[in-house]
Amino acid sequence: MTQSVKGMRDLWGTELAYFQFIERACHQIMESHGYQEIRTPIVESTDLFSRGVGSTTDIVNKEMYTFRDRSDRSLTLRPENTASVVRAIIQNKLLESNDPLHLFYIGPMFRYERMQAGRYRQFWQIGAESIGIASPESEVESIIMLFDFLTSLGLGDLSLSINSVGFPEERASFYVALKAFVKDREQAFCEDCRRRIEDNPLRVLDCKVSSCQTALTGHPEILNFLSNESQSHHEKFQKCLQSSRIPFLSNPKMVRGLDYYTRTTFEVLSSDLGAQSALLGGGRYDRLIQDLGGPPTPAFGWAIGLDRLVSLVMKKNISLPSKPRILLIPVGETMINDAFELARSLWADGHSVELETRGVPLKKSLSSANRKGHSHAFILGESEKAKGIITVKFLMTGKQEEWLLSEISSRILHI
RNA sequence: GCGGCUGUCGCCUAGUGGUUAAGGCACCAGAUUGUGAUUCUGGGUACCGUGGGUUCAAAUCCCAUCAGCCGCCCCA
């Protein structure tokens, strides 16, 4: 049998219901904050990502789904959405007015990676981008929205890690200092770190080996290498977070994997997610829009892994809002037209009702209603018709009531 | 990209060279045809992930492949 492509899964049933619950909450919160949805193509020119995400990142170097189309163009399934959103606002001239833009998106992303729990080759992200504002306050506005969103899902207790990575020209001297620091103490570090010093010095900072963490005591911190402007930006950001009562941890060791970040970066990890603990991440990207051919424009954004968010919400036993599920069962062939008539009037009133059309014995209908999780069965047979009523069976308790046909629509609201 | 583990009905598992692969849950059929879920009775629904190989004989051993899981790397 042909099966789905490795790392790409079908969503249905309970898990899909959680996806939809979260997507609805997302739309609601975004709209209340004035963010508008944007949908960009899933496929883009490969160079958008190599230029936008950064040609030295792992995402670009080993994780992209890149292929050639019939005209020999190099195309890539988007590994993230910020580069596409930036491309879209430049191409569609959304920045002409100089007014800030607030956009959000929900959609699938693709990265060619080794499979693990919580890591898929097609995964879903929800993201928000705040474009055209340089202030630390705009960052906090965006983060407040993010936390309102998480709180509405019952996940308000997550803790935010923040850092600032400054601008590229400010980072260079920090890299030199960090490399020198580690090299001076090379023997104190583990084998992995000795390798990391060469190919990814920042990664030494979050090594899990405790002796390495000890050896890092007094290591150079990136904040000390930033310009006065970047430092004061970061201070304002922290003060604003504090006065907004958003709990955070300043983490000078935090490293992010995308090249376009400038100044503020942040992320939220959750130990409930196992090895793939990253739930969301984001930051400022003041150079990306000009790097991709637009006018110099400051911007800030974040993205949440929707698959991981769903798995967290499900793990915390946060229950979905449940509505009554009604099955209308005509008893006997003569009642099917009456059942259609009743169902159509209930649908017209906006009620959610399913109709049994198989013509099977009542016993069978009730049995599958029970199995499929219906809460109520409406039984309509000759005897009900003669009395102008319907039998309402409560499948949880087994109790039955008789409702007048004329009262059904209003009584449904109270079950 | 590197290292390791796993793969038996819809789900969970037993079975580690020898008859027709076993059990639980689920499912299906019945217990006076308009009452499910509960009870009772009956039913096995599986080419043992796939393809090769070894053997008189393979779910079991070997190889390959696919998929999943775990660690590294990295990220959501």
Side-chain angles (χ1 to χ4, degrees), chain A residues 1-9 13 53-54 56-64 78-82 105-127 190-193 195-196 199-200 202-204 206-209 254-258 267-270 273-282 302-312 327 329-335 356 360-385 390-400:
Chain A
M1 196 211 99
T2 306
Q3 29 184 18
S4 64
V5 173
K6 185 185 180 100
M8 305 197 181
R9 63 206 183 113
V53 177
T56 65
T57 59
D58 275 17
I59 290 178
V60 168
N61 284 315
K62 57 174 204 182
E63 294 171 6
M64 292 211 300
R78 62 185 185 192
E80 59 104 55
N81 207 204
T82 298
Y105 58 83
I106 301 179
M109 310 296 157
F110 302 83
R111 292 184 199 171
Y112 192 93
E113 286 191 275
R114 191 70 174 266
M115 291 296 303
Q116 248 170 274
R119 175 197 279 170
Y120 306 100
R121 289 183 171 183
Q122 174 178 331
F123 60 99
W124 291 71
Q125 282 190 337
I126 292 178
C190 70
E191 204 177 309
D192 276 345
C193 281
R195 178 181 49 77
R196 288 185 183 116
D199 45 77
N200 196 350
L202 283 181
R203 280 289 155 197
V204 174
D206 59 1
C207 179
K208 291 162 194 89
V209 178
M254 196 185 86
V255 180
R256 306 232 75 239
L258 288 80
E267 66 186 17
V268 171
L269 309 181
S270 169
L273 290 170
Q276 305 309 315
S277 60
L279 174 65
L280 65 92
W302 47 260
I304 302 188
L306 184 49
D307 308 75
R308 292 180 187 177
L309 189 56
V310 165
S311 119
L312 262 189
L327 181 67
I329 308 169
V331 180
E333 280 175 39
T334 55
M335 296 307 296
E356 170 65 85
V360 295
L362 176 61
K363 176 186 264 216
K364 193 149 187 135
S365 295
L366 286 169
S367 174
S368 38
N370 182 63
R371 194 167 38 244
K372 285 172 66 189
H374 283 92
S375 56
H376 300 78
F378 285 7
I379 300 167
L380 182 59
E382 297 287 356
S383 59
E384 280 85 1
K385 188 181 182 183
I390 192 164
T391 298
V392 175
K393 186 175 185 78
F394 292 70
L395 293 170
M396 302 297 170
T397 61
K399 292 214 168 87
Q400 296 194 172

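No experiment lies behind these values; they were computed from the predicted model shown. Side-chain atoms are counted along with the backbone in the values below, which use heavy atoms only and exclude waters and symmetry mates. Lettering of chains follows the sequences in order, A, B, ..., and the numbering in each one begins at 1.
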Original post:
Is a donor-acceptor pair below 3.5 Å formed from side chain A/Arg114 to base B/G3, judging by atom type as modelled?
Top reply: yes
**OP:** Can you tell me the distance, in whole Å, between the CE atom of A/Met115 and the P atom of B/A76?
**Re:** 17 Å
Subject >> Residue list, ring-ring contact (aromatic ring centres under 6.0 Å, His included) with A/His376, at least two apart or on another chain >> reply: A/Phe394
Subject >> Value rounded to 0.5 Å, distance of CG in A/Asn81 from CD1 in A/Ile106 >> reply: 11.0 Å
Subject >> Euclidean distance for P, B/G30 against B/G10 (whole angstrom) >> reply: 23 Å
Original post:
When rounded to the nearest Å, what value does the distance between P atoms of B/G24 and B/A31 take?
Top reply: 24 Å
Subject >> Pairwise C1' distance for B/A26 and B/C9, with rounding to whole Å >> reply: 11 Å
**OP:** Just call it for A/Gly332: base, sugar-phosphate, or nothing, with non-hydrogen atoms closer than 4.0 Å on any strand.
**Re:** nothing
Subject >> Contacts of type side-chain contact (heavy atoms from CB on, under 4.5 Å), residue A/Ser270, not counting sequence neighbours >> reply: A/Leu158, A/Asp272, A/Leu273, A/Leu312
**OP:** Would you mind reading off the distance between A/Met64 atom CE and B/A76 atom C1', rounded to a whole angstrom?
**Re:** 17 Å
**OP:** Using the C1' atoms only, state how far B/C48 lies from B/A59, rounded to an integer number of Å.
**Re:** 5 Å
**OP:** Calculate the interatomic distance between A/Asp58 atom CG and B/C2 atom C1'; express it in whole Å.
**Re:** 13 Å
Original post:
Does B/A64 have a Watson-Crick or wobble partner in any strand here, with both distances under 3.5 angstrom, and which is it?
Top reply: B/U50
**OP:** Report the nucleotide, chosen from B/A76, B/C69, B/A37, that has the shortest atom-to-atom distance to any side-chain atom of A/Ala117.
**Re:** B/C69
**OP:** Please identify each residue that fulfils side-chain contact (heavy atoms from CB on, under 4.5 Å) with A/Lys6, with sequence neighbours left out.
**Re:** A/Met115, A/Arg121
All N/O donor-acceptor pairs, side-chain side in residues 377-384 of chain A, below 3.5 Å, sequence neighbours left out:
residue, atom, partner, partner atom, Å
A/Glu382, OE2, A/Thr334, OG1, 2.4
A/Glu384, OE1, A/Gly381, N, 2.9
A/Glu384, OE2, A/Thr391, OG1, 2.5

Original post:
Over how many whole Å does the gap from A/Asn370 atom CG to B/U39 atom P extend?
Top reply: 13 Å
Original post:
Which comes earlier along RNA chain B counting from the 5' end, the contact point of A/Met8 or that of A/Leu280, where each point is its nearest nucleotide?
Top reply: A/Met8
**OP:** Between protein and nucleotides 28-35 of chain B, map the contacts as a letter string: B base, S sugar-phosphate only, - none, heavy atoms under 4.0 Å, written 5' to 3'.
**Re:** SS----BB
**OP:** Using the side chain to side chain contact (heavy atoms under 4.5 Å, CB included) rule, take A/Arg308 and A/Phe123 through it: C-alpha gap first, then chi angles, then the decisive distance, then the call.
**Re:** CA-CA 9 Å; A/Arg308 292 180 187 177; A/Phe123 60 99; over 6 Å; no
**OP:** Keeping the roles fixed (side chain from A/Arg9, backbone from A/Gln122), state whether a donor-acceptor pair exists under 3.5 Å.
**Re:** no
Subject >> Rounded distance in Å between the C1' positions of B/A22 and B/U16 >> reply: 16 Å
Original post:
Under 4.0 Å: is that the gap between some side-chain N or O of A/Lys62 and OP1 or OP2 of B/G1?
Top reply: no
**OP:** Please figure out whether A/Tyr112 or A/Ala278 has its closest RNA chain B nucleotide nearer the 5' end.
**Re:** A/Tyr112
Original post:
Can you check the A/Lys6 NZ to B/G1 P distance for me, whole Å?
Top reply: 10 Å
Original post:
Is there a donor and acceptor pair closer than 3.5 Å between the side chain of A/Glu113 and the base of B/A76?
Top reply: yes
Original post:
Is A/Leu395 touching bases, backbone alone, or none of the nucleic acid, heavy atoms closer than 4.0 Å?
Top reply: base
Subject >> side chain to side chain contact (heavy atoms under 4.5 Å, CB included) assessment of A/Leu366 paired with A/Leu327 >> reply: CA-CA 9 Å; A/Leu366 286 169; A/Leu327 181 67; over 6 Å; no
**OP:** Could you give the distance separating B/U60 and B/G53 at their C1' atoms, to the nearest angstrom?
**Re:** 15 Å
**OP:** Please name the pair of heavy atoms, one in A/Met109 and one in A/Gln125, separated by the smallest distance, quoted to 0.1 Å.
**Re:** CG-OE1, 3.7 Å
Original post:
Between atom CZ in A/Arg119 and atom P in B/G68, what is the gap in whole Å?
Top reply: 13 Å
Original post:
Please give, in whole Å, the distance from B/A76 C1' to A/Leu258 CG?
Top reply: 11 Å
Subject >> Rounded distance in Å between the P positions of B/C69 and B/A64 >> reply: 23 Å
**OP:** Check the distance between B/A67's C1' and A/Gln3's CD and give it to me in whole angstrom.
**Re:** 6 Å
Original post:
Under a 3.5 Å cut-off for both distances, is B/C2 Watson-Crick or wobble paired, and to whom?
Top reply: B/G71
Original post:
Considering every strand shown, what is the Watson-Crick or G-U wobble mate of B/G18 when both distances are under 3.5 Å?
Top reply: B/C56
Original post:
What are the two closest heavy atoms between A/Glu80 and A/Leu258, and how far apart are they?
Top reply: OE1-CD2, 3.6 Å
**OP:** State the pairing partner of B/G44; accept Watson-Crick or G-U wobble contacts with both distances under 3.5 Å, and report none otherwise.
**Re:** none
**OP:** Could you check whether A/Arg256 gets within reach of a base, just the sugar-phosphate, or nothing at all, counting any heavy atom under 4.0 Å?
**Re:** sugar-phosphate
**OP:** Rounded to whole angstrom, note down the P distance from B/C25 over to B/U65.
**Re:** 41 Å
**OP:** Would you say whether A/Trp124 stacks on B/A76? The test is a distance between ring centres of less than 5.5 Å and an angle between planes of less than 30°.
**Re:** no
Original post:
Hey, does A/Gly127 reach any base, or is it just sugar-phosphate, or nothing, if we go heavy atoms under 4.0 Å?
Top reply: nothing
Original post:
Which distance, rounded to the nearest 0.5 Å, do you find between the CD of A/Glu113 and the CD of A/Glu63?
Top reply: 3.5 Å
Subject >> Pair partner, B/U33 [Watson-Crick or wobble, under 3.5 Å] >> reply: none
Tabulate atom names and distances for all N/O pairs under 3.5 angstrom spanning the protein and nucleotides 43-49 of chain B.
none

Original post:
Between A/Trp302 and A/Tyr105, what is the shortest heavy-atom contact and its length?
Top reply: O-OH, 4.2 Å
